[in-house]
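Following: one structure in structure tokens, then a few remarks.
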Amino acid sequence: MYKILLLLFISLFFVSCGLKNNAFRYFEKDEIETKGVQYTKKTDIVKNNEVDVIFWATYLNKIDKKISDTNEELFLVSVYFTNKDSQDIFENNYSFLLNGIEPISLEKIEKDNENFKSLMLKNNWGKYYLVKFTSQDVYNLTIQLKDQGANSAQLNFEK
């Protein structure tokens, strides 16, 4: 009796540890998109108990080895303003900081951009930006979205 239970347990152990039990087996995703999900974080700015801004960031240096060899920290960022007519960060007086340092460039990315299509979340309402910062010599990176007042949101990434 114990031998049967032992054989059943060992068989179940090997079957459950196979690659087929990967969560992404149900989706047809390429490796870049899978890594994009892994290195994407989200947070909100809440005002008066309501979400005012939804902020996503993907740390691109962890996704592509060619990017990580540059002297830049690159983020693909999505911002959605829930109660605003305009989705532009400049019109809404918001800016980005990485560990308190301003970006060296900020480029608006169109939703049909082929270079980032597999990394973009399905956010049809917000705007996407490619944000470049100078390389940081620290292990922890904090990207922050802030307005000219006291409102801000931050996401922490590891190099």
Side-chain angles (χ1 to χ4, degrees), residues 20-159:
K20 66 179 181 169
N21 289 324
N22 186 339
F24 288 106
R25 73 181 169 154
Y26 298 107
F27 306 102
E28 292 185 22
K29 307 288 184 192
D30 59 1
E31 184 180 347
I32 296 291
E33 192 168 355
T34 305
K35 285 184 176 182
V37 170
Q38 184 178 1
Y39 296 108
T40 298
K41 295 186 180 183
K42 176 206 165 280
T43 190
D44 302 324
I45 295 177
V46 178
K47 293 181 187 175
N48 300 324
N49 292 328
E50 291 185 12
V51 174
D52 189 50
V53 181
I54 301 173
F55 172 46
W56 291 271
T58 303
Y59 184 41
L60 298 177
N61 293 55
K62 285 287 194 174
I63 295 172
D64 191 354
K65 182 73 173 152
K66 292 181 275 186
I67 294 173
S68 65
D69 290 339
T70 65
N71 278 343
E72 298 171 329
E73 307 291 348
L74 282 113
F75 291 88
L76 180 64
V77 174
S78 175
V79 179
Y80 173 63
F81 299 95
T82 58
N83 299 319
K84 307 278 185 179
D85 291 333
S86 171
Q87 293 298 316
D88 190 81
I89 62 167
F90 302 113
E91 292 178 20
N92 291 311
N93 296 318
Y94 276 83
S95 62
F96 296 107
L97 298 172
L98 182 66
N99 293 344
I101 299 171
E102 293 184 2
I104 55 176
S105 74
L106 184 96
E107 176 185 346
K108 188 184 284 188
I109 303 294
E110 296 301 322
K111 291 179 176 69
D112 59 352
N113 185 311
E114 289 297 320
N115 293 333
F116 300 105
K117 192 171 188 173
S118 63
L119 294 174
M120 292 183 181
L121 302 172
K122 306 308 179 227
N123 176 8
N124 296 324
W125 304 282
K127 297 283 184 194
Y128 286 95
Y129 300 93
L130 180 63
V131 187
K132 296 180 185 180
F133 297 94
T134 56
S135 182
Q136 304 269 323
D137 289 333
V138 294
Y139 185 70
N140 294 319
L141 301 173
T142 301
I143 186 168
Q144 181 179 25
L145 173 70
K146 64 177 228 135
D147 67 1
Q148 294 178 348
N151 300 311
S152 70
Q154 61 185 27
L155 295 169
N156 297 310
F157 293 90
E158 294 177 354
K159 242 182 159 174

### Message
Quick check: closest heavy atoms across V131 and L106, and the distance to 0.1 Å?
### Response
CG2-CD1, 3.4 Å

### Query
Under the ring pair (Phe, Tyr, Trp, His ring centres under 6.0 Å) test, which residues partner F81, sequence neighbours left out?
Y94

### Message
Ignoring hydrogens, what is the shortest heavy-atom contact between S86 and E91? Give both atom names and the distance.
### Response
OG-OE1, 2.5 Å

### Message
Looking only at the aromatic ring of each residue, does the gap between the centers of Y39 and F157 stay below 6.0 angstrom?
### Response
no

### Message
With rounding to the nearest 0.5 angstrom, report the CD to NZ distance, Q87 to K84.
### Response
10.0 Å

### Message
Counting only heavy atoms not in N140 (residues, nucleotides, ligands), do more than 12 fall under 6.0 Å from its CG?
### Response
yes

### Message
I'd like to know if the side chain of T82 reaches the main chain of D52, judged simply by a donor and an acceptor atom lying under 3.5 Å from each other, with no hydrogens or angles considered.
### Response
yes

### Message
Under a 3.5 Å distance rule, please check whether N61 uses its side chain to pair with a backbone N or O of E72 as donor and acceptor.
### Response
yes

### Task
State the CG-CD distance between N93 and Q148, to the nearest 0.5 angstrom.
4.5 Å

### Task
Show the numbers, then the answer: is there a side-chain contact (heavy atoms from CB on, under 4.5 Å) between S95 and E102?
CA-CA 8 Å; S95 62; E102 293 184 2; over 6 Å; no

### Task
Output, in order, the C-alpha distance, side-chain angles, deciding distance and verdict of side-chain contact (heavy atoms from CB on, under 4.5 Å) for Y128 and V77.
CA-CA 6 Å; Y128 286 95; V77 174; over 6 Å; no

### Task
Mind checking ring pair (Phe, Tyr, Trp, His ring centres under 6.0 Å) for Y129 and listing every partner two or more places apart, or none if nothing turns up?
none

#### Entry: Spacing of CG belonging to N99 relative to CD belonging to Q154, to within rounding of 0.5 Å
9.5 Å

### Message
One pair to check against salt bridge (Lys or Arg N to Asp or Glu O under 4.0 Å): K108 and D88. What are the steps and the verdict?
### Response
CA-CA 9 Å; K108 188 184 284 188; D88 190 81; 3.4 Å; yes

### Query
Tell me, do V79 and K127 make a side-chain contact under 4.5 Å, heavy atoms counted?
no

### Message
I'd like to know whether L141 forms a side-chain contact (heavy atoms from CB on, under 4.5 Å) with N156, so could you lay out the CA-CA distance, the side-chain angles of the two residues, the decisive distance to 0.1 Å, and finally the verdict.
### Response
CA-CA 6 Å; L141 301 173; N156 297 310; over 6 Å; no

### Message
What I'd like to find out is whether the side chain of T58 reaches to under 4.5 Å of the side chain of F75, using heavy atoms alone.
### Response
no

### Query
Taking N71 for the side chain and S135 for the main chain, is one N or O donor matched with an acceptor at less than 3.5 Å?
no

### Query
Can any side-chain N or O of K62 pair as donor or acceptor with the backbone N or O of K159 at less than 3.5 Å?
yes

#### Entry: Residue pair V51 / I54: nearest heavy atoms and the distance that separates them
CG1-CG1, 3.7 Å

### Task
Report yes if the side chains of L145 and V53 come closer than 4.5 Å at any heavy-atom pair, otherwise no.
yes

### Message
To check you understand the geometry: which heavy-atom pair defines the closest contact between L74 and Y59, and what is its length?
### Response
O-CD1, 3.7 Å

### Task
Quick one: pull up CG in N83 and NZ in K47 and give me the separation to the nearest 0.5 Å.
9.0 Å

### Derivation and outcome, side-chain contact (heavy atoms from CB on, under 4.5 Å), residues E73 and T134
CA-CA 6 Å; E73 307 291 348; T134 56; over 6 Å; no

### Closest heavy-atom pair and its distance - A153, I45
CB-CG1, 3.5 Å

### Query
CZ of F55 to OG of S152: how many Å apart, nearest 0.5 Å?
10.0 Å

### Query
What distance separates I104 CD1 from K132 NZ, expressed to the nearest 0.5 Å?
7.0 Å

### Query
Do you know which two heavy atoms are closest between F133 and I101, and how far apart they sit?
CE2-O, 3.4 Å

